[in-house]
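None of the values given here were measured: they were computed from a predicted structure.
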Amino acid sequence: MKIAIGSDHGGYELKEKIKSFLILENHDVTDFGTNSLASVDYPDYGKKVGEAVVNGTYDFGIVLCGTGIGISIAANKVKGVRAALVYDDNTAYLAKAHNNANVIALGGRTTSEETAISIVNTFMNTTFEPRHQPRLDKIKNIEGKE
Ligand code: RB5
């Protein structure tokens, strides 16, 4: 799969671990930063990954900050992004099956490497259930009213 990934400093270390795992599994990963533990602002990275997913050819995006909360809020401000803050296999499954999320958000300070890898695997191996499409259409309508 073609995956865009980005984080602030709070998500940096977990981003690196997820990236290494995905590359080992032969996925095509583009890293939008950050590239160190130096303090940066999560909205910048939520925007970069969100725009890449909406405008590019990525299958989905992964964003991380300390909790995943701030960067999911930021990514969701990009029109067309459906970013889901996921914290276990069940929420990862539902984010795809029900919400067809195109970005998942994780917390570098709240989620272990083992759980994060499991979440990413679950999300990648789940398919959207089209019966939920009318609800996604309603979300799209909200965006149209901005
Ligand atoms: C940065 O310290 C922290 O606020 C950020 O990583 C994130 O957790 C915000 O939601």
Side-chain angles (χ1 to χ4, degrees), residues 1-130 132-133 135-136 138-140 142-143 146:
M1 284 193 181
K2 196 169 170 212
I3 301 157
I5 194 165
S7 75
D8 75 353
H9 54 290
Y12 169 69
E13 289 175 308
L14 188 56
K15 169 172 71 70
E16 293 302 302
K17 289 169 183 163
I18 293 171
K19 193 173 73 178
S20 300
F21 164 76
L22 289 170
I23 290 168
L24 262 177
E25 297 282 311
N26 290 317
H27 294 288
D28 178 358
V29 184
T30 303
D31 187 349
F32 289 83
T34 189
N35 299 313
S36 78
L37 288 169
S39 184
V40 291
D41 298 328
Y42 60 78
D44 298 335
Y45 297 90
K47 181 173 188 280
K48 281 184 198 193
V49 173
E51 288 178 345
V53 168
V54 169
N55 300 324
T57 55
Y58 296 96
D59 291 296
F60 71 103
I62 303 174
V63 293
L64 306 97
C65 63
T67 58
I69 296 171
I71 202 158
S72 64
I73 293 170
N76 272 315
K77 298 297 180 188
V78 178
K79 201 168 183 174
V81 167
R82 289 181 305 280
L85 175 56
V86 292
Y87 43 85
D88 57 18
D89 284 332
N90 191 39
T91 49
Y93 168 78
L94 291 168
K96 183 67 186 185
H98 288 200
N99 310 111
N100 203 15
N102 50 11
V103 174
I104 54 171
L106 294 145
R109 295 172 182 154
T110 55
T111 300
S112 70
E113 176 181 0
E114 185 188 359
T115 300
I117 300 300
S118 185
I119 282 171
V120 171
N121 268 325
T122 298
F123 184 79
M124 290 194 298
N125 289 311
T126 302
T127 51
F128 175 57
E129 296 171 10
H132 291 284
Q133 186 58 45
R135 287 149 187 166
L136 302 190
K138 288 193 174 189
I139 293 174
K140 194 86 196 147
I142 297 169
E143 283 184 327
E146 274 175 16

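- Pairs engaging residues 4-17 under the salt bridge (Lys or Arg N to Asp or Glu O under 4.0 Å) rule: Lys15-Asp31, Glu16-Lys19 [sequence neighbours left out].
- Residues Lys138 and Ile142 form no side-chain contact, since every pair of their non-hydrogen atoms from C-beta on lies 4.5 Å or further apart.
- Rounded to the nearest 0.5 Å, atoms CD1 (Ile117) and CD1 (Ile18) are 5.5 Å apart.
- Qualifying side-chain contact (heavy atoms from CB on, under 4.5 Å) partners for Asn102, counting only residues two or more places apart in sequence or in other chains: Val53, Val81, Arg82.
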>> Evaluate Leu22 against Met124 for side chain to side chain contact (heavy atoms under 4.5 Å, CB included), listing each step before the verdict.
In response: CA-CA 11 Å; Leu22 289 170; Met124 290 194 298; 3.9 Å; yes
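- Residue pairs meeting the ring-ring contact (aromatic ring centres under 6.0 Å, His included) criterion with at least one member in residues 18-39, sequence neighbours excluded, do not occur.
- Interatomic distance, Phe123 CZ to Thr91 OG1, rounded to the nearest 0.5 Å: 11.0 Å.
- In this view, Asn90 and Asp88, Leu94 satisfy the side-chain contact (heavy atoms from CB on, under 4.5 Å) rule, not counting sequence neighbours.
- For the side chain to side chain donor-acceptor pair (under 3.5 Å) test, residues two or more places apart in sequence or in another chain that qualify with His132 are His98, Arg135.
- Nearest heavy-atom pair, Asn76 versus Ala83, reported as atom, atom and distance to 0.1 Å: OD1-N, 2.8 Å.
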Show the atom names and distances, to 0.1 Å, of all donor-acceptor pairs under 3.5 Å that link a side chain in residues 59-72 to residues at least two apart or in another chain.
unit_1: Asp59; atom_1: OD2; unit_2: Lys2; atom_2: N; d: 2.7
unit_1: Thr67; atom_1: OG1; unit_2: Ile69; atom_2: N; d: 3.0
unit_1: Ser72; atom_1: OG; unit_2: Gly68; atom_2: O; d: 2.9
unit_1: Ser72; atom_1: OG; unit_2: Ile69; atom_2: O; d: 2.8

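- For Tyr93, the side-chain contact (heavy atoms from CB on, under 4.5 Å) criterion is met by Ala97, Thr122, Thr126, Glu129, not counting sequence neighbours.
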Expected list for residues 43-51: side-chain donor-acceptor pairs under 3.5 angstrom, two or more places apart:
unit_1: Lys47; atom_1: NZ; unit_2: Glu51; atom_2: OE2; d: 3.3

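- Partners of Asp28 by side chain to side chain donor-acceptor pair (under 3.5 Å), not counting sequence neighbours: none found.
- Here Tyr12 pairs with nothing under the side chain to side chain donor-acceptor pair (under 3.5 Å) rule; sequence neighbours left out.
- Sorted by first and then second residue, the side chain to side chain donor-acceptor pair (under 3.5 Å) pairs involving residues 104-113 (not counting sequence neighbours) are Ser112-Thr115.
- The OH atom of Tyr42 sits 10.5 Å away from the NE2 atom of His9 when rounded to the nearest 0.5 Å.
- Partners of Ser20 under the side chain to side chain donor-acceptor pair (under 3.5 Å) rule, at least two apart in sequence or in another chain, do not exist in this structure.
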